[in-house]
Amino acid sequence: MPESFRFSPLLVVAAVALEIQDALSDWPHLPRTSFPVGEMITVSPRIRVLMTGVGAIRAAAATALALQSQPWAALLHVGVGGAYPASGLPVGALVMAASECDPQAGILTPDGYRDLGGLGFPLTTDFPNRIVFDSPWADWVAQQVAPAPRLPFATVQCCSGTNAAAEMMASRAGAAVENMEGLAVAWTAGRFGVPYAALRAISNLTGDRDRQQWNLPMARAVLARAVRAILAAVNVENGRDCS
């Protein structure tokens with residue numbers, strides 16, 4: 001792990017408690033600080049958890065408030081997500097983000113979809129509103145969770161609850177996993193110069209709601225094991241016992 005990560009704090013971000021609480025001992029009694037948006041939980045002097053709330057608006061605002069509160073070495077974004085059926089990912093799989101994108105922000109024209117760059121207001125340099133994660137921090141996290149695949153993610157505000165929507169979003173985004181906060185947190189971290197990495201455990205398949213496969217308890221358990229392993233490794237790198 002690079003020196004900058006070894007000696008500086010880590011911010012772990014999740015939308016809601018059920019995505020992170022199983023990974024941490026003594027969750028109900030950990031110290032908490034409320035922001036106008038979001039809540040910060042102190043796990044140890046070098047590890048804190050931010051719960052942002054669901055959706056990109058809450059996620060971006062809470063992440064910005066947390067990142068301006070002190071310097072951070074890196075950010076680990078964790079949660080559950082839906083797999084696009086064409087990805088072949090089963091419920092309960094652990095996946096790491098190779099990239100995040102927003103395949104909805106932009107405009108639909110007679111010639112097809114254009115992202116924010118196509119409107120003249122680019123959010124990122126890649127279509128569709130995509131950020132690629134290739135930092136040493138992301139590489140290190142990938143090593144800790146191997147052999148979990150590293151695949152493209154898509155951030156949406158309207159989840160794909162029909163087969164047609166799932167097929168369209170998967171195709172437009174070139175993504176395997178759908179979530180509601182990833183790009184918001186990743187983009188905000190980038191504005192603050194904080195390296196970003198993300199993990200999602202697959203809780204369901206996207207598509208027609210009455211045919212979706214769901215197993216939230218399994219996804220939570222898989223995610224908790226991965227987060228515990230990463231936090232233990234971070235503590236070892238910092239010469240500390242695992243919290």
Problem set entry | Rounded distance (nearest 0.5 Å) linking atom CH2 of Trp140 with atom OG of Ser135 | 12.0 Å

Exercise. Would Glu181 and Arg200 count as a salt bridge (Lys or Arg N to Asp or Glu O under 4.0 Å) if you check the C-alpha gap in whole Å, the side-chain angles of each, and the deciding distance to 0.1 Å?
Worked result: CA-CA 11 Å; Glu181 300 85 21; Arg200 295 271 172 183; 3.5 Å; yes

Exercise. Under 3.5 Å, is there a donor-acceptor pair between the side chain of Asp22 and the main chain of Ala224?
Worked result: no

Exercise. Would one find more than 12 heavy atoms of other residues, nucleotides or ligands at under 6.0 Å from atom CZ of Arg172?
Worked result: yes

Exercise. Is a side-chain N or O of Ser87 found less than 3.5 angstrom from the main chain of Ala83, in a donor-acceptor match?
Worked result: no

Exercise. Heavy-atom distance under 4.5 Å between the side chains of Val12 and Ile230, does that happen here?
Worked result: no

Exercise. Does a side chain donor of either Thr206 or Glu178 reach within less than 3.5 Å of an acceptor in the other side chain?
Worked result: no

Problem set entry | Joint hydrophobic cluster, Leu216 plus Val227, side-chain heavy atoms closer than 4.5 Å | no

Exercise. Is there side-chain contact between Pro128 and Tyr113, with at least one heavy-atom pair below 4.5 Å?
Worked result: yes

For this session: Enter the distance from Arg191:CZ to Thr63:OG1 here, rounded to the nearest 0.5 Å.
Result: 14.5 Å

Seminar exercise, completed: Closest non-hydrogen contact found for Pro36 with Leu65 is CD-CD1, 3.9 Å

Exercise. Are the side chain of Glu39 and the backbone N or O of Phe35 linked by a donor-acceptor pair below 3.5 Å?
Worked result: no

For this session: Carefully, step by step, assess Ile202 and Val80 under the rule side chain to side chain contact (heavy atoms under 4.5 Å, CB included).
Result: CA-CA 6 Å; Ile202 302 303; Val80 299; over 6 Å; no

Problem set entry | Distance, nearest 0.5 Å, that separates CG of Leu50 from CG of Leu11 | 5.5 Å

For this session: Give a yes or no on whether Phe127 and Phe121 share a hydrophobic cluster (residues Ile, Leu, Val, Met, Phe, Trp, Tyr; joining criterion: side-chain heavy atoms under 4.5 Å apart).
Result: no

Exercise. For Ile57, does the CD1 atom have more than 12 heavy-atom neighbours from other residues, nucleotides or ligands under 6.0 Å away?
Worked result: no

Exercise. Same cluster for Met96 and Val222 if Ile/Leu/Val/Met/Phe/Trp/Tyr side chains link at under 4.5 Å?
Worked result: yes

For this session: Could you tell me whether a side-chain N or O of Thr155 sits under 3.5 Å from a main-chain N or O of Leu183, the two making a donor and an acceptor?
Result: yes

Problem set entry | Point-to-point distance, once rounded to the nearest 0.5 Å, from CG of Leu199 to NE2 of His77 | 10.5 Å

Exercise. Looking only at heavy atoms, what is the nearest atom pair of Trp137 and Ala197, with distance?
Worked result: NE1-CB, 3.5 Å

Exercise. Less than 4.5 Å apart, any side-chain heavy atom of Thr124 and any of Leu116?
Worked result: no

Exercise. Do Val43 and Arg48 have side-chain heavy atoms sitting under 4.5 Å apart?
Worked result: no

For this session: Share the residues that join Val156 in a hydrophobic cluster, the rule being Ile, Leu, Val, Met, Phe, Trp or Tyr side chains under 4.5 Å apart at the heavy-atom level.
Result: Tyr84, Met168, Met169

Problem set entry | From OG (Ser203) to CH2 (Trp214), nearest 0.5 Å | 4.5 Å

Seminar exercise, completed: Separation between OG (Ser34) and CD1 (Ile41), nearest 0.5 Å, reads 8.5 Å

Exercise. Does the side chain of Tyr196 reach to within under 4.5 Å of the side chain of Val185, using non-hydrogen atoms?
Worked result: yes

For this session: Specify the closest pair of heavy atoms between Leu76 and Val141, including all atoms of both residues, with the distance to one decimal.
Result: CD1-CG1, 4.2 Å

Exercise. Looking at side-chain heavy atoms only, is the closest gap between Glu19 and Met51 below 4.5 Å?
Worked result: no

Exercise. Can a cation-pi geometry be assigned to Arg32 and Trp27, taking NZ or CZ under 6.0 Å from the six-membered ring centre and within 45° of the ring axis?
Worked result: yes

For this session: Group every Ile, Leu, Val, Met, Phe, Trp and Tyr by side-chain heavy-atom contacts under 4.5 Å, then state whether Val145 and Ile20 land in the same group.
Result: yes

Exercise. Do Val49 and Leu223 share a hydrophobic cluster, counting only Ile, Leu, Val, Met, Phe, Trp and Tyr and linking them when any side-chain heavy atoms are less than 4.5 Å apart?
Worked result: yes

Exercise. Does some side-chain heavy atom of Leu67 sit less than 4.5 Å from a side-chain heavy atom of Trp72?
Worked result: yes

Seminar exercise, completed: Heavy-atom nearest pair, Leu75 first then Val194, reads N-CG1, 3.8 Å

Exercise. Just by distance, do the side chain of Asn129 and the backbone of Leu123 share a donor-acceptor pair under 3.5 Å?
Worked result: no

For this session: Return the minimal non-hydrogen interatomic distance between Ala56 and Ala184, and the atom names on each side.
Result: O-CB, 3.5 Å

Exercise. What is the minimum heavy-atom distance between Asp102 and Gln104, and which atoms define it?
Worked result: OD1-N, 2.8 Å

For this session: Report yes if some heavy atom in the side chain of Thr42 is under 4.5 Å from a heavy atom in the side chain of Leu30; otherwise report no.
Result: no

For this session: Quick one: which residue pairs count as a salt bridge (charged side-chain N to carboxylate O under 4.0 Å, His left out) with a foot in residues 118-145, not counting sequence neighbours?
Result: Asp139-Arg150

